[in-house]
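Read through the structure below, which is laid out as structure tokens, and then see the notes.
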Amino acid sequence: MQSVEITGIAAGGAGVGRFADGRVVFIHRTSPGDRLEARVLSTRKRWARAELVRMNEPGPDRRDPPCPLYARCGGCALQHMNRDAQVRAKAMIVADALRRIGGLEVDVPEVVTAATEFEYRNRVSFQLRRLHTDRVVAGFHELDRPATILDVDERCLLPEPAIRDAWRVLRREWGPSAHRLPAGESLRLTLQSTGSGDVGLMIHDGFGEGRPDEILERVPGIVAIWKTGPDGKPVHLAGRTALHDDDGVDLEVGVFTQVNRSVARRLEAHIRSLLGDVTDTRIIDAYCGVAGRAIRLAEAGARVTGIETNPRAVAEARRRSVPGFDIVEGLVEDELAGVLPADVVIVNPPRAGIDGTVCDAIHGRSVARVIYVSCDPATLARDCARLAPRFTMKGVRCFDMFPQTAHIETVADLRCVTT
């Protein structure tokens with residue numbers, strides 16, 4: 001064992017310290033200020049991964065994690081830290097990425113916090129595995145053991161109450177060996193809830209349909225069931241054909257929406273405040289999903305083009321279309337150049353960030369401003385560096401969309417400084 005003092009939190013949520021020989025070490029379930037003994041799990045020339053063996057002196061921000069499953073569960077990374085410490089750590093992760101990867105000198109950004117640190121997720125995916133003993137486990141991957149599924153029941157603290165209750169009853173009612181679900185050794189089950197408390201179930205993988213009508217009858221909270229087909233597209237099995245959310249949007253489970261309602265509203269309000277008066281402003285909303293933001297901007301007087309690759313989201317956006325709004329179906333990297341120029345390009349890409357061709361299109365066409373909504377500080381920093389020197393960062397703000405995890409949502413306001 002080796003003695004370590006933890007000095008920070010890494011992007012994945014592990015505590016960061018140094019061994020006596022100078023190597024950086026990453027240790028899960030540790031907090032800045034902790035002094036501890038650690039056992040090395042794996043090592044490289046300049047860094048190592050280790051596990052906490054004995055706490056000699058806890059840091060000032062530690063708390064007893066509220067979830068009884070936390071010691072083994074890989075779903076959360078920061079429950080052992082109080083809420084203020086979590087927020088500070090995430091802000092530092094963003095600032096460090098922007099400096100180290102993006103070459104940007106920025107202050108530690110403000111973080112807009114969630115209304116609650118628990119019961120906030122409106123979409124949760126569980127992995128189900130049928131074991132050779134006829135026993136079923138269903139939950140999340142274990143910490144540092146991704147091949148092992150930790151059985152997670154309704155004690156998980158993150159889902160909205162409607163999902164928690166539906167999960168509790170579904171686990172009881174799927175029957176021996178989960179025979180009411182499709183066959184197969186492994187399934188992924190996604191539960192998504194609306195503001196009114198309705199829950200939809202999407203079943204990924206497996207064979208056949210199972211007995212969806214029996215699930216609907218036995219699990220009152222679930223009102224609709226889909227399953228992905230051989231081509232990856234969803235097939236409706238039972239119940240309603242769509243979930244109706246608070247904004248009047250008809251959704252199938254799996255169409256992207258932010259998982260935290262209260263923080264998502266504050267993020268959208270921030271973007272709206274950045275834009276100000278949008279009358280006759282030409283806006284492109286890339287990766288727009290069901291185009292809620294784009295449609296609201298069109299209603300405010302902007303001329304908006306959305307770009308989205310998911311055909312179900314595109315169909316829903318077209319159903320709700322308003323004057324001043326249009327949507328193009330396809331990959332952003334394929335379609336952006338064809339709909340430029342624009343006064344503002346809003347991008348909200350997946351964790352991998354924007355493709356290099358998107359940066360090239362923005363550089364090569366008249367664009368005055370880019371508002372970048374990111375769920376990964378590293379790819380945000382990389383893409384800001386790609387957009388420099390033509391665009392400079394005017395401001396950055398973070399949103400704690402995922403309390404108890406190391407994930408953070410960031411909005412960067414980039415302005416063109418060259419013509």
Side-chain angles (χ1 to χ4, degrees), residues 69 72-75 121-142 145-154 156 158-160 162-194 198-243 250-257 259 289 309-316 350-351:
L69 306 173
R72 294 173 56 199
C73 184
R121 287 196 66 104
N122 61 48
R123 184 177 65 253
V124 183
S125 290
F126 300 94
Q127 191 73 31
L128 181 146
R129 188 168 294 167
R130 293 179 170 102
L131 306 180
H132 296 300
T133 58
D134 292 331
R135 190 168 68 90
V136 173
V137 295
F140 305 136
H141 298 282
E142 283 199 9
R145 298 177 64 196
T148 302
I149 303 300
L150 175 68
D151 202 45
V152 174
D153 56 21
E154 70 275 10
C156 178
L158 300 193
E160 289 187 341
I163 292 180
R164 178 198 63 213
D165 295 343
W167 181 240
R168 172 178 53 81
V169 180
L170 177 61
R171 286 171 58 90
R172 185 185 71 211
E173 297 295 340
W174 60 35
S177 297
H179 71 275
R180 292 191 174 95
L181 294 172
E185 180 180 345
S186 182
L187 306 174
R188 183 160 59 92
L189 309 175
T190 298
L191 293 169
Q192 183 166 333
S193 59
T194 67
D198 291 335
V199 177
L201 169 64
M202 176 71 77
I203 304 169
H204 309 264
D205 308 319
F207 309 101
E209 296 184 356
R211 304 178 186 180
D213 291 326
E214 293 183 19
I215 292 174
L216 282 183
E217 179 182 352
R218 291 169 176 266
V219 187
I222 295 178
V223 300
I225 301 176
W226 295 269
K227 183 181 182 297
T228 52
D231 58 358
K233 296 180 179 179
V235 176
H236 178 252
L237 298 184
R240 299 180 192 171
T241 57
L243 299 177
D250 290 345
L251 292 173
E252 294 173 350
V253 176
V255 171
F256 174 78
T257 57
V259 302
T309 187
N310 187 317
R312 295 168 288 143
V314 171
E316 176 58 19
R351 192 165 298 279

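FYI, the numbering just counts along the sequence from 1. Side-chain atoms are counted along with the backbone in the values below, which use heavy atoms only and exclude waters and symmetry mates. What you are looking at is a predicted structure, and each value in this text was computed from that prediction instead of being measured.
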Do L150 and F140 make a side-chain contact, defined as non-hydrogen atoms from C-beta onward lying under 4.5 Å apart?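 Side-chain contact under 4.5 Å: no.
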
Rounded to the nearest 0.5 Å, how far does [atom2] of [Y] lie from [atom1] of [X]?
| X | Y | atom1 | atom2 | value |
| --- | --- | --- | --- | --- |
| W226 | H204 | CH2 | NE2 | 11.0 Å |
| I203 | L237 | CD1 | CG | 6.0 Å |
| S193 | E160 | OG | CD | 3.5 Å |
| I215 | I225 | CD1 | CD1 | 4.5 Å |
| R121 | C156 | CZ | SG | 9.0 Å |
| I149 | Q127 | CD1 | CD | 5.0 Å |

Q: Just do the side chain to side chain contact (heavy atoms under 4.5 Å, CB included) check on T190 and R123 with the steps written out, would you?
A: CA-CA 7 Å; T190 298; R123 184 177 65 253; 3.7 Å; yes

Steps toward side chain to side chain contact (heavy atoms under 4.5 Å, CB included) verdict (L181, L187): CA-CA 9 Å; L181 294 172; L187 306 174; 3.9 Å; yes

Review point. Is there a donor-acceptor pair closer than 3.5 Å between any side-chain N or O of H179 and the backbone N or O of P182?
Key: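 No, the answer is negative, given that no donor and acceptor are paired below the 3.5 Å cut-off.
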
_Quick one: does any side-chain atom of T228 pair with a main-chain N or O of G232 as donor and acceptor, under 3.5 Å?_
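Side chain of T228 to backbone of G232: no pair is present.
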
Less than 4.0 angstrom from a charged side-chain N to a carboxylate O is my criterion; do E173 and R218 meet it?
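Salt bridge between E173 and R218, a charged N being under 4.0 Å from a carboxylate O: yes.
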
- Query: Would D151 and R171 pass as an ion pair if we require N to O under 4.0 Å?
  - Reply: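 Between R171 and D151 there is a salt bridge, with a charged N closer than 4.0 Å to a carboxylate O.
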
Self-check item: Test side chain to side chain contact (heavy atoms under 4.5 Å, CB included) applied to R172 and R168, step by step
Solution: CA-CA 7 Å; R172 185 185 71 211; R168 172 178 53 81; 4.0 Å; yes

- Task: Please work out which of the three classes, parallel, tilted or perpendicular, describes the rings of F126 and W167, given edges at 30° and 60°.
- Result: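 Ring orientation of W167 relative to F126: parallel.
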
Exercise. Would you please say whether a donor-acceptor pair under 3.5 Å links the side chains of H141 and T148?
Key: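 Distance-only check fails for H141 and T148.
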
Restricting to non-hydrogen atoms, name the atom on [X] and the atom on [Y] that form the minimum distance, rounded to 0.1 Å.
| X | Y | answer |
| --- | --- | --- |
| K227 | G208 | CE-O, 3.1 Å |
| I222 | A166 | CG1-CB, 4.1 Å |
| S177 | R130 | O-NE, 2.8 Å |
| A224 | L216 | N-CD2, 3.9 Å |
| L170 | V219 | CA-CG2, 3.9 Å |
| G200 | L243 | N-CD1, 3.8 Å |

> How far apart are the C-alpha atoms of L158 and V124, what are their side-chain angles, what is the distance that settles it, and do they pass the side chain to side chain contact (heavy atoms under 4.5 Å, CB included) test?
Replying inline: CA-CA 9 Å; L158 300 193; V124 183; 6.0 Å; no

### Results of salt bridge (charged side-chain N to carboxylate O under 4.0 Å, His left out) for D205 - residues two or more places apart only
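None.
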
Just jot down the salt bridge (charged side-chain N to carboxylate O under 4.0 Å, His left out) partners of R145, sequence neighbours excluded, or say none.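 R145: salt bridge (charged side-chain N to carboxylate O under 4.0 Å, His left out) contacts with E142.
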
List the residues meeting side-chain hydrogen bond (donor to acceptor under 3.5 Å, both in side chains) with E214, not counting sequence neighbours, and say none if there are none.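 Counting only residues at least two positions away or on another chain, E214 forms a side-chain hydrogen bond (donor to acceptor under 3.5 Å, both in side chains) with R180.
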
